[in-house]
Amino acid sequence: MVDRRYLNTLYVSTEGAYVHKDGENVVVEVEGVERLRVPMHKLGAIAPFGRVTISVGLTAAAMEAGIAITHLTEHGRFLARVEGPVSGNVLLRRDQFRAHESAAASATFAAAIIIAKASNQRAVLQRGLRDHGDSLDETARSALQSAIDHLADASRRCLKPQTLDEARGVEGEAARAYFGVFDHLIRAKDPGLRFGARSRRPPLDAVNALLSFLYTLLVHDCRSALERVGLDPAVGFLHRLRPGRPSLALDLMEELRPHLADRLALTLINRGEIGVKDFRRFENGAVLLGDDARKQVLTAFQERKREDIEHPFLKEKLAIGLLPHIQAQLLAKAVRGDLDGYPPMIWK
């Protein structure tokens with residue numbers, strides 16, 4: 001059985017906001033005026049951006065209720081996380097550490113993740129080709145089809161036993177094929193919305209800025225989900241140990257981000273809901289979302305998570321926002337040995 005309880009994340013992005021507890025509710029005030037009131041039992045996490053004050057009373061109540069508070073910079077960079085006692089059991093973490101130390105087990109988990117990531121990237125490209133192929137020139141259509149074939153081949157290669165390094169090599173090739181044609185999926189005509197290559201820390205163009213922000217939101221959800229089931233988010237399989245890096249959260253995000261982040265970014269751009277004017281450019285070349293656009297993306301992300309899908313492994317309809325939690329639970333079962341292998345999320 002898996003827990004299907006879906007708890008929302010409260011994002012607070014208004015500078016100067018004051019967030020406190022009133023009875024059993026979380027209240028957001030701006031300049032002394034109440035802007036939002038949410039029952040605490042509906043929240044799984046609170047994520048304040050930038051200069052937002054969280055009251056001591058709310059912090060204590062959140063820790064008791066198992067609600068994590070993640071502090072982010074105004075642009076979404078992780079700063080700190082406050083949480084109560086970890087509920088996971090030590091035996092699960094022991095199994096996770098053993099699997100991490102095993103080259104064969106790590107390669108098996110990594111291969112499952114890469115199969116799903118490449119399959120989901122392929123689905124994004126196929127949808128773009130189906131929806132917009134008629135408006136593309138032959139060169140673009142051919143490039144998209146070649147990338148689709150490459151991603152299918154990457155998935156097939158990971159079905160065969162291989163070392164972790166070999167699996168990571170396949171993942172790198174697949175990423176280059178996918179992002180190499182990503183620009184063909186962008187229908188906006190403004191040259192300021194062109195995508196050349198993936199750039200981060202800092203993102204160097206508007207599309208990368210949007211993708212990076214969405215990835216930050218998604219990795220936050222994945223990290224919370226892993227901690228909720230008792231897995232250590234820092235000990236991954238595809239991503240190896242690095243101080244300060246939530247490697248397992250990044251692993252879990254890989255299979256989810258093509259649909260939860262990439263497609264949402266394309267939708268926002270192609271519908272004209274996000275444009276060049278929504279980004280701020282800095283002297284060091286960094287490009288970041290502006291304040292209003294950030295709120296708009298947060299709203300769109302939350303709305304996307306409320307959509308339903310049928311889970312291919314569970315064969316049941318559920319909210320997309322539950323996916324990090326469902327996949328974290330399935331991963332925990334696989335780590336324990338309760339499942340023969342990890343069933344990653346592959347969109348149909």
Side-chain angles (χ1 to χ4, degrees), residues 6-84 202-203 206 209-221 223-224 260-261 264-265 267-269 271-282 286-307 319 321:
Y6 175 34
L7 295 174
N8 291 303
T9 298
L10 173 62
Y11 299 103
V12 185
S13 62
T14 302
E15 288 279 309
Y18 174 59
V19 189
H20 63 95
K21 180 174 179 288
D22 181 14
E24 296 304 315
N25 297 302
V26 175
V27 177
V28 180
E29 292 183 1
V30 179
E31 296 180 344
V33 178
E34 181 176 322
R35 296 290 185 86
L36 183 69
R37 177 177 289 260
V38 184
M40 280 193 70
H41 71 270
K42 291 187 175 181
L43 294 178
I46 300 172
F49 287 77
R51 194 170 56 83
V52 172
T53 301
I54 307 290
S55 75
V56 174
L58 173 58
T59 300
M63 298 307 98
E64 289 184 3
I67 300 172
I69 300 176
T70 303
H71 292 271
L72 306 166
T73 69
E74 62 175 318
H75 301 299
R77 183 169 59 81
F78 176 82
L79 286 176
R81 181 181 173 87
V82 184
E83 63 178 336
L210 180 54
L211 289 174
S212 291
F213 186 70
L214 287 167
Y215 293 165
T216 297
L217 301 180
L218 186 53
V219 79
H220 167 268
D221 286 358
R223 181 175 185 154
S224 297
L260 279 178
L264 180 56
T267 297
L268 291 169
I269 292 172
R271 289 182 179 173
E273 295 173 21
I274 293 290
V276 172
K277 63 178 177 26
D278 293 311
F279 297 88
R280 297 165 59 191
R281 289 160 176 76
F282 297 82
V287 179
L288 299 170
L289 276 166
D291 294 344
D292 291 341
R294 199 166 57 246
K295 294 175 184 175
Q296 189 174 353
V297 174
L298 285 170
T299 300
F301 185 66
Q302 292 290 67
E303 290 175 351
R304 179 85 171 104
K305 290 198 296 183
R306 283 194 281 269
E307 296 175 7

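Along the sequence shown, the residues carry numbers beginning at 1. What you are looking at is a predicted structure, and each value in this text was computed from that prediction instead of being measured. The figures that follow rest on heavy atoms only: side chains count, while hydrogens, waters and symmetry mates do not.
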Subject >> Residue pair H20, E29: steps toward the side chain to side chain donor-acceptor pair (under 3.5 Å) verdict >> reply: CA-CA 8 Å; H20 63 95; E29 292 183 1; 3.1 Å; yes

**OP:** Report yes if the side chains of D291 and R280 come closer than 4.5 Å at any heavy-atom pair, otherwise no.
**Re:** yes

Original post:
Does the side chain of D292 come within less than 4.5 Å of D278's, by heavy atoms?
Top reply: no

Original post:
How long is the gap from CG on L264 to CG on L218, to the nearest 0.5 Å?
Top reply: 10.5 Å

**OP:** For side chain to side chain contact (heavy atoms under 4.5 Å, CB included), just list the numbers for H220 and T216, CA-CA rounded to whole Å, side-chain angles, deciding distance to a tenth of an Å, and then say yes or no.
**Re:** CA-CA 6 Å; H220 167 268; T216 297; 5.8 Å; no

**OP:** Output, in order, the C-alpha distance, side-chain angles, deciding distance and verdict of side chain to side chain contact (heavy atoms under 4.5 Å, CB included) for V38 and L43.
**Re:** CA-CA 8 Å; V38 184; L43 294 178; 3.9 Å; yes

Original post:
With a 4.5 Å heavy-atom cut-off, do T73 and F49 have their side chains touching?
Top reply: no

Original post:
Do you know the tightest heavy-atom contact between H71 and I54?
Top reply: CE1-CG1, 4.0 Å

Subject >> Considering all heavy atoms, the nearest G50-E15 contact >> reply: CA-OE2, 3.6 Å

Original post:
Quick one: does F279's side chain get under 4.5 Å of L288's, heavy atoms only?
Top reply: no

Original post:
Can you name the residues that form a side-chain contact (heavy atoms from CB on, under 4.5 Å) with A65, not counting sequence neighbours?
Top reply: M40, I67

**OP:** Before accepting this row, confirm whether a basic side-chain N of the pair K305/D221 lies closer than 4.0 Å to the acidic partner's carboxylate O.
**Re:** yes

**OP:** With sequence neighbours left out, write down each residue that passes salt bridge (charged side-chain N to carboxylate O under 4.0 Å, His left out) with R281, or none if nothing qualifies.
**Re:** none

Original post:
Say you draw a straight line from CD of Q296 to CG of L268; how long is it, rounded to the nearest 0.5 Å?
Top reply: 7.0 Å

Subject >> More than 12 heavy atoms from other groups under 6.0 Å of CD on E24 >> reply: no

Original post:
Can you name the nearest heavy-atom pair linking K295 to T14, along with the distance?
Top reply: NZ-OG1, 3.6 Å

**OP:** Not counting sequence neighbours, which residues clear ring pair (Phe, Tyr, Trp, His ring centres under 6.0 Å) with Y215? List them please.
**Re:** none

Original post:
So how far is it from L217 CG to Q302 CD, rounded to the nearest 0.5 Å?
Top reply: 8.5 Å

**OP:** Taking the six-membered ring for Trp and the full ring for Phe, Tyr or His, determine whether the centres of F213 and F301 are under 6.0 Å apart.
**Re:** no

Subject >> Y11: partners by ring pair (Phe, Tyr, Trp, His ring centres under 6.0 Å), with sequence neighbours left out >> reply: none

Original post:
Within a strict 4.5 Å, meaning less than it, do heavy atoms of the V27 and V19 side chains meet?
Top reply: no

Subject >> Heavy-atom side-chain contact between V287 and P203 under 4.5 Å >> reply: no

Original post:
Rounded to the nearest 0.5 Å, how far does CG of L214 lie from CZ of R304?
Top reply: 11.0 Å

**OP:** Scan residues 52-64 for pairs that pass side chain to side chain donor-acceptor pair (under 3.5 Å), counting only residues two or more places apart or in two chains.
**Re:** none

Original post:
How would you list, by chain and number, every residue that makes a salt bridge (charged side-chain N to carboxylate O under 4.0 Å, His left out) with E34, sequence neighbours excluded?
Top reply: R37

Original post:
How many angstroms lie between atom CD of E307 and atom CG of L260, to the nearest 0.5 angstrom?
Top reply: 9.5 Å

**OP:** Apply the side-chain contact (heavy atoms from CB on, under 4.5 Å) test between V12 and each candidate in L72, V28, L36, L298; give the one that qualifies.
**Re:** V28

Original post:
Should L210 and S212 count as side-chain neighbours, where that means a heavy-atom distance under 4.5 Å?
Top reply: no

